[in-house]
Amino acid sequence: QVHLTESGGGLVQPGGSLRLSCAASGFTLQYYAIGWFRQAPGKEREGVSCISSSDGSTYYADSVKGRFTISRDNAMNTVYLQMNDLKPEDTAVYYCATQRPFFPIKLWYTPDAYDHWGQGTQVTVSS
């Protein structure tokens, strides 16, 4: 059974850093493209970043480029999202998800591209 568990969220001051983890169980995560999304209250779910399964290519939303880094540790069956220079507008629940097989990677930011989701972890950036 496919299961994803996010962790690492919390309260951080503006300019601070957090590292989110997405741990997989029931399947081998390296064979899937994995996306990170976030959803703030009253807003739609937004694609943050994605890492491909084939060559490890990475993709980022313009709003996080240069601040966030996605990576994977296949031995740990885990994908990470390193978030630096956090801003209040980064406050949201962050989710990881597995991309549907054969879905065009160029549409990585589309929630419909993903079929299995974790339960989310809250990130709050506030002074």
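All of these numbers come straight from a predicted model, not from anything done at the bench. Position 1 is the first residue of the sequence, and the numbers go up from there.
In terms of modelled atom types and a separation under 3.5 Å, the side chain of Gln119 and the main chain of Thr5 share no donor-acceptor contact. Under a 3.5 Å cut-off, the side chain of Gln39 and the backbone N or O of Ala92 do not form any donor-acceptor pair. For Glu6 (side chain) and Cys96 (main-chain N/O), a donor-acceptor pair under 3.5 Å exists by modelled atom type. Using modelled atom types, no side-chain atom of Gln13 and backbone atom of Ser127 make a donor-acceptor pair closer than 3.5 Å.
Cluster membership check: Trp108 does not share its hydrophobic cluster with Leu20, using side-chain heavy-atom separations under 4.5 Å among Ile, Leu, Val, Met, Phe, Trp and Tyr. Follow the hydrophobic side-chain contacts under 4.5 Å out from Tyr60 and you never reach Phe37; the two are in separate clusters. Hydrophobic clustering keeps Tyr94 apart from Tyr114 (ILVMFWY residues linked when any side-chain heavy atoms are closer than 4.5 Å, directly or through intermediates). When hydrophobic clusters are built by joining Ile, Leu, Val, Met, Phe, Trp and Tyr residues whose side-chain heavy atoms come closer than 4.5 Å, directly or via intermediates, Leu4 is not grouped with Tyr95.
Between the side chains of Thr110 and Asp112, no donor-acceptor pair is found at a separation under 3.5 Å. Using modelled atom types and a 3.5 Å distance limit, the side chains of Thr28 and Asn77 yield no donor-acceptor pair.
Heavy atoms of other residues, nucleotides or ligands lying less than 6.0 angstrom from CD of Glu89 number more than 12.
Expressed to the nearest 0.5 Å, how far OG of Ser71 lies from CG of Leu81 amounts to 8.5 Å. Between Arg19 atom CZ and Ser7 atom OG the span is 9.0 Å, to the nearest 0.5 Å. With rounding to the nearest 0.5 angstrom, the CD1 atom of Ile70 is 12.0 Å from the CD atom of Gln82. Here the CD1 atom belonging to Ile34 is positioned 14.0 Å from the OG1 atom belonging to Thr58, to the nearest 0.5 angstrom.
The one candidate from Val123, Val93, Val64, Thr91 that meets the side-chain contact (heavy atoms from CB on, under 4.5 Å) condition with Arg38 is Val64.
One finds a salt bridge joining Lys65 and Asp62 here, because a Lys/Arg side-chain nitrogen approaches an Asp/Glu carboxylate oxygen to under 4.0 Å.
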